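Remember, it's a predicted structure, so these values are computed and weren't measured experimentally. Each chain gets a letter, A, B and so on, in the order its sequence line appears, and its residues count up from 1. Below, each value reflects all heavy atoms present in this structure, side chains not excepted, and no hydrogens, waters or symmetry copies.
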Amino acid sequence: MFYRESGQFKSAYAADQAMFPILQDRIGMAVILAVAFVGVPMVANDYFLSTLLIPFLIFALAAIGLNILTGYCGQLSLGTGGFMACGAFAAYKLATALPEMNIVVVFLLSGFVSAAVGVVFGVPSLRIKGFYLAVATLAAQFFLIWLFTKVPWFVNYSASGVISAPPRDVFGFYVTGIEATAEAKYIFCLSFVAVLALVAKNLVRGRVGRAWMAIRDMDIAAEIIGIKPLQTKLLAFAVSSFYCGVAGALWAFIYTSSVEALAFDINRSFQILFMIIIGGLGSILGSFLGAAFIVLLPIFLNVVPTAIGVPLSTAMIAHMEFMIFGALIIFFLIVEPHGLARLWQLGKEKLRLWPFPH
Amino acid sequence: MTGDILGFLFGPLKEIWEFPIFFVEVVIGGLLTGVMYSLVALGFVLIFKASGVFNFAQGAMVLCAALSFVGFQELGAPIWLALILTLATMLLMAMAIERLVLRPLVNQPAIILFMATIGITFFIDGLFQTIWGSDIKRMDVGIPKEPMEFGGVLVNTFDIVAALVAGTLVATLAFFFQSTRIGRALRAVADDHQAAQSVGIPLRTIWVIVWAVAGLVALVAGIMWGSKLGVQFSLALIALKALPVLILGGFTSIPGAIIGGLIIGVGEKVAEVYWAPGIGGGIEDWFAYILALVFLMFRPQGLFGEKIIERV
Amino acid sequence: MANKGRVIGDTLLKVENVSLGFGGVKALTDVSFDIRKGEIRAIIGPNGAGKSSMLNCINGFYHPSAGQITYKGQVRKQMRPHETAAGGIARTFQNIALFRGMSTLDNIMTGRLLKMKRGFWWHCLHWGPALREEIEHREHVERIIDFLEIQAIRKTPVGRLPYGLQKRVELGRALAAEPDLLLLDEPMAGMNLEEKEDMCRFILDVNEEFGTTIALIEHDMGVVMDISDRVVVLEYGRKIADGTPDEVKSDKRVIDAYLGVPHE
Amino acid sequence: MSPPPSRDPAHDTFPKLLLRNAAVRGARVAMREKEFGIWQSWTWAEMAREIRCIAQGLAELGVARGDKVALVGDNRPQLYWSMCAAQCLGAVPVPVYQDAVADEMAYVIDHAGAKLAVAEDQEQVDKLLQIRKKAPGLARIVFEDARGMRNYDDAALTSFARVREIGAAREAKDAAWLDAEMAAGRGADASVMLYTSGTTGQPKGVLLSYDNVIRTAENAIAFDGLNETDEVLAYLPMAWVGDHIFSYAEAYVAGFCVSCPESGATVMTDLKEIGPSFFFAPPRIFENILTQVSIRIEDAGAFKRWLYRYFMALAKRVGIALMDKKPVAAADRLLYALGEFLVYGPIKNVLGLTRMRLGYTAGEAIGPDIFDFYRSLGLNLKQLYGATESSVFICMQPDGQIKSDTVGVAAPEVEIKIAESGEVLVKSPGIFQAYYKNPEATAAAKTDDGYYKTGDAGFFDKDGHLKIIDRAKDVGRLQDGTLFAPKYVENKLKFFSYVKEAVAFGHGRDAVAAFVNIDLEAVGNWAERQGLAYASYQELAAKPEVYDLIAACVEKVNRDLAEDPNVAGSQVRRFLILHKELDADDGELTRTRKVRRNFIADRYGPLVDALYSGAERGHISTVVTFEDGRTGRIEADLAIREAPRFAPARRVELARAG
């Protein structure tokens, strides 16, 4: 309906392969970015920023990470939480050991630390596949969390084991610690997520992404056309863990302001997995949609029953959440394995052909 | 530094050498825990063999069975009635899963089915806790828990009973598989879905039966674990412990599940008792996984699994 | 067929006394033949004759239990398929092995992966050298698309394509690697007459236009005899004949094998 | 009497215009072609370079002033370039219908005396090689697409790439020679030779001078306000004068961009991508598009169908008035704007007409419903009346005065008069020089005072708009002396989407009878919705239900005809549905898809007899040519239907009109 593509022809491959080949999509994306960077900080209150948008952004980043590994490269992982924890603790160690280091650099480096750990745990993917691998990634999950809980070096020998994120600034604005405003934190997260999402999109639409998808769709055929399976999978593990690691660092430093291993337990891994199943396997957009869904559902469950006069107990809400997530996962796997992203895509296709059905 | 590491690695060996009786106790304790792991793993294997589904929900089924059993008892039902009602519940659940999840997903890649069972896990976890509540419940089916002594070695009576129950269950299942018509049908299904269907075995019925049997196994496991640890959400996590057991034993082998369980049980216990103190303890969370992982690198199909021949 | 201008060169690949077994089953027994540069070489035989196993040995998917394979003058060590691919061997599969989640264009682009050298970091930016490289290879792929006349399905996910077109896309993916040796596993299986004719034309065009050496397995004797230079006939994992189509056609054992004379 | 020269005397030939465009708008895109997945484009400067190289190459192959160069193929930039390259050398390009069978092609090439042919691909080369005996003058064949040409070793063959290569070498050495050649051309020189398809007899080669074409193009461009920013899709045969004027002459004069589709099969997709601002199509294509729209919307959900119907009804009511800037109620304006967002805009977008500023349809009468459909969407579609012999333009519709049943007023610098016989006579700068090697025909086609006899019968209505009813020679009379214009009746039938072709008979008979060809797509779709199963065209055409459907159409036509006293006598009494589609390959249609009525009457004689004998069925056996050239025989036994007829409107009106 909104699409007027007639006359938008491509006379170069660069334009044909652009991220948003349709003008209306480019405009839409520009509007979204403008609203996110300018509009939202101007209107939104602290509560909205810190309890909704910031976790949403961080979840989206982690979901992109898992989506790269699972959605694009086809390697199911249940160790997302572990890799996130890796990033969080690496960032903590780096930030405390090198207080002068810019926090952006700290986060990026902690991403690389996670990537390295991811590669180690990705090595078995050469020999084992499918759910065997999923089980193997559980090893990463449990081992890493245990490591961060039990080895005091990671928490700088703090007695309680729970530590708060040190205050750091970017361009004079505090983005972590008590003095950081919700707006500054939000903008900081948003910038990180926007840039990294762009990088992820770039990766998946080029040579690297094609190799991943080839492995995912048919690993034997992929190898026979010359794709090195181990290298390709390890790269996916590395990139995926990088994203998860940065997300973990953001989570600990910006969202909760405290670094604790328990925030990244097995349930976190499942949560992220649900995001990409609901949002859409093999879709960057889907990672955002899934994250939004998972952030919003509990709030919805809190607000709606109260609004219609049937308030639920906290335990009840927790159980309802479990059931709804479980049911939704099954629903999406049956009805639309490509999740919300595919639904959006289909809707867009409809709009492009409107009013015709095909 | 090197000395520290060597000391850490080999120090406990000396200890074992010096106190062999204690070591035997530890090993037996490990074996008996291993039996319990095997019990959960058995459920996985059953379902995997008959439907190719890696049922992540097996742990949740253990929790659900235990919750229902205790719940019915709390409502005033005698043990036998609670047992029957719980079995009926598990059968109902098996039918629902077959109808609502497996049937629509038939012919999907295994990984999709696996993720679907994660969905099942969450759904039934939520559902049963909504019904029965999430408080820790005590379960007592009258199994004595006093330690007994065999030739200087102390053993927990409860563990012995659990081992006996598990053994009986395995024997029954083995008989069921080898000698009954349904059992043979199940084996046929496992070998070749189409062949099984073409000789007139209704695949859907088979699936319901398998899931129901897995429910029964879950109930037994639930009662055992529940009596030992109390019935609570963490029971579902026991199931996660069964995963490395499976990797070790191979997904398709009942003996593998048992032996894998024993190896994990012993390995974990020994490591926990002798080596864990040196590195902070609590290693049972991950030791089994790392063990399985290392093992996988050398034998991807597990101890008793069939070698995977890739075809193009 | 006027095949003028074609030059059949020296031996490109030599299979010597290759045997292959799975457990107790012998898939290949003592098979020897060669493939010369620039020719179309067919491997035929009844079902279960070991044709696919032979291709799988050539491209490194299986490792012969005895015998050796010499490729480009070098005796080949145990090689993973991706290593043989790097050596210039591409193939298609009997049961189409396309990447179902990707479009026709992306599928064929994957065939170029071996030739894409730009580093990971450039790809993060998808800019500069990485973009130039993408475009350069896209141009090449577009020529293949044009050659195979599949312009209309360029952006269609391959899962939605009819069988015949999928086969063509798969050929395109193999061609994208600019192979020295192209292995085709039953390229015409399950096709109707018209599709078979098209496929024959493409195979001949590939051979003549790019000078690609082709080894193909085919069930349909007629087609094979029309387009190939030399034919190897396998039966029960053994070679029973080898020669030009005419020679093979008149070979008694081949006739027996194809007419189903009992074999002891 | 020579036509006036071009308005820009310094640029009176296409080669000169090319140089001008390369100089004044060298960086603007001149041509595009969809190839290798994107629109490859050439600026005027690049195109000029290409054309110069090709011209040099052709000169090397021996093409010289006055030679004829045949062009055979689909719309390809390289063929358009060859056209201009030939003109650079003073040679005359002769585009040939690319779907012509070998015999037809042989006649044209031999008659034109073409020395060299530029062929698009292997298919055309094969045809040309095949006809060399019949056209001995053809010494060289240049082929553009080398695909499949590897094993051809005929000495006459040269690849286009090779021509360009040797041309480039020559250009590097001696560009001045070509400059001189290009400058030597004069406006009065022959520019192009286009063969008219001709409903009877052999095609005639119409020689047009540069002055003819360029002056006419200038007038048309001024009339419609075209400029260098316009976009055109070149998809109609190059041999057809319409394409020559719109995709070549006007592009060179105005300097706008011409895009060539990827292939015949992708025209609609390519149209959507390019979104031309100036679009030309024969009524048939507009009709097909509308049929597609109706079919696709039928598959939509109830809400969308309702939305479509509601807003199309609104458009029908106010759309045309809005376009003609007539007063419309504010509420309707608002609703129309909403409709533009919800329905009209999206439909135009899907059809690729979003950017269309100007559209033309000509060649045949367009159904008023179809015409109004496009105009009510806000598309400036106009009718045009023209001929090859007049460089197209005879009548044009000025903005704001567009009627669906007339072809408009005389185009700029065109004089029209109606002869005693009702024939339309035309004098204009575009009137052709002569029929090549056919002075008798030339003499017969022109009056002594320089008017061209169009051969069409028509009259001016009260607003001075010309109304064409039929070919002058086809207008006949029934036995009782009533006027009978077969095409008028046929067109009325064809305005129904279910009817693809109709052939009306009646001259010298007591009443009108007709053959009908159903539209397989529209009727097939209708049949599907009715749950009718059918395996072939023949089976579908014979269904009684389909007969009912067509009978309803015929009835409506008769009712309509009865309204107009001039033609009330032409109501169809009996009709039948033909068992096969009329086909140009069988000689039943011309290459421009006009029915060859007399040929059909001969070929299907028994059926015509049956229509007039009162029989319930007619039997026919015909020879058909299959795609691969084999022939076969089709036998059919066809039902004949009687159609209800209506009393003519009151005589008073007839008297007034008469």
### Message
As an exercise: rank Thr354(D), Asp299(D), Leu271(D), Leu353(D) by heavy-atom pairs under 4.5 Å with chain A and give me the winner.
### Response
Asp299(D)
### Task
Could you tell me how the ring of Trp354(A) sits relative to the ring of Phe303(D): parallel (under 30°), tilted (30 to 60°) or perpendicular (over 60°)?
tilted
### Beyond-backbone contact of Phe356(A) with Ile347(D), side-chain heavy atoms, under 4.5 angstrom
yes
### Query
So which part of Glu5(A) gets closer than 4.5 Å to some heavy atom of chain D, the side chain, the backbone, both or neither?
both
### Message
Is Phe311(D) in contact with chain A via its backbone, its side chain, both, or neither, using a 4.5 Å heavy-atom distance?
### Response
neither
### Message
To check you understand the geometry: which heavy-atom pair defines the closest contact between Tyr13(A) and Phe36(D), and what is its length?
### Response
OH-O, 2.6 Å
### Query
Got a sec: does the CZ of Phe37(A) have more than 12 other heavy atoms crowding it under 6.0 Å?
yes
### Query
Does a sphere of radius 6.0 Å around CZ in Phe341(D) hold more than 12 heavy atoms from other residues, nucleotides or ligands, not counting ones at 6.0 Å or beyond?
yes
#### Entry: Contacting moiety of Arg32(D), where chain A heavy atoms sit under 4.5 Å
side chain
### Task
Specify which of Ile274(D), Val350(D), Leu351(D), Leu342(D) makes the most heavy-atom pairs with chain A at under 4.5 Å.
Ile274(D)
### Query
Do Lys34(D) and Lys10(A) have side-chain heavy atoms sitting under 4.5 Å apart?
no
### Side-chain heavy atoms of Ser11(A) within contact of Ile38(D), under 4.5 Å
no
### Task
Could you tell me which portion of Val29(D) (side chain, backbone, both or neither) has an atom closer than 4.5 angstrom to a non-hydrogen atom of chain A?
neither
### Task
Could you please spell out the steps behind the side chain to side chain contact (heavy atoms under 4.5 Å, CB included) verdict for Gln8(A) and Lys272(D)?
CA-CA 9 Å; Gln8(A) 296 187 27; Lys272(D) 184 179 175 186; over 6 Å; no
### Query
Do the non-hydrogen side-chain atoms of Pro355(A) and Ile297(D) ever get within less than 4.5 Å of each other?
yes
### Message
Please classify the contact between Ala12(A) and chain D as side chain, backbone, both or neither, with a heavy-atom cut-off of under 4.5 Å.
### Response
backbone
### Query
Which atom names give the shortest non-hydrogen contact between Arg296(D) and Pro357(A), and what distance separates them?
O-CD, 3.1 Å
#### Entry: Ser41(D) versus chain A, the contacting section by heavy-atom distance below 4.5 Å
side chain
### Message
Taking atom NZ as the centre, does Lys304(D) end up with more than 12 heavy-atom neighbours from other residues, nucleotides or ligands that are less than 6.0 angstrom away?
### Response
yes
#### Entry: Value rounded to 0.5 Å, distance of CD in Glu273(D) from OG in Ser6(A)
9.5 Å
### Query
Leu307(D) versus chain A, heavy atoms under 4.5 Å apart: side chain, backbone, both or neither?
side chain
### Message
Using a 3.5 Å distance criterion without hydrogens, assess whether the side chain of Asn349(D) forms a donor-acceptor pair with backbone atoms of Tyr3(A).
### Response
yes
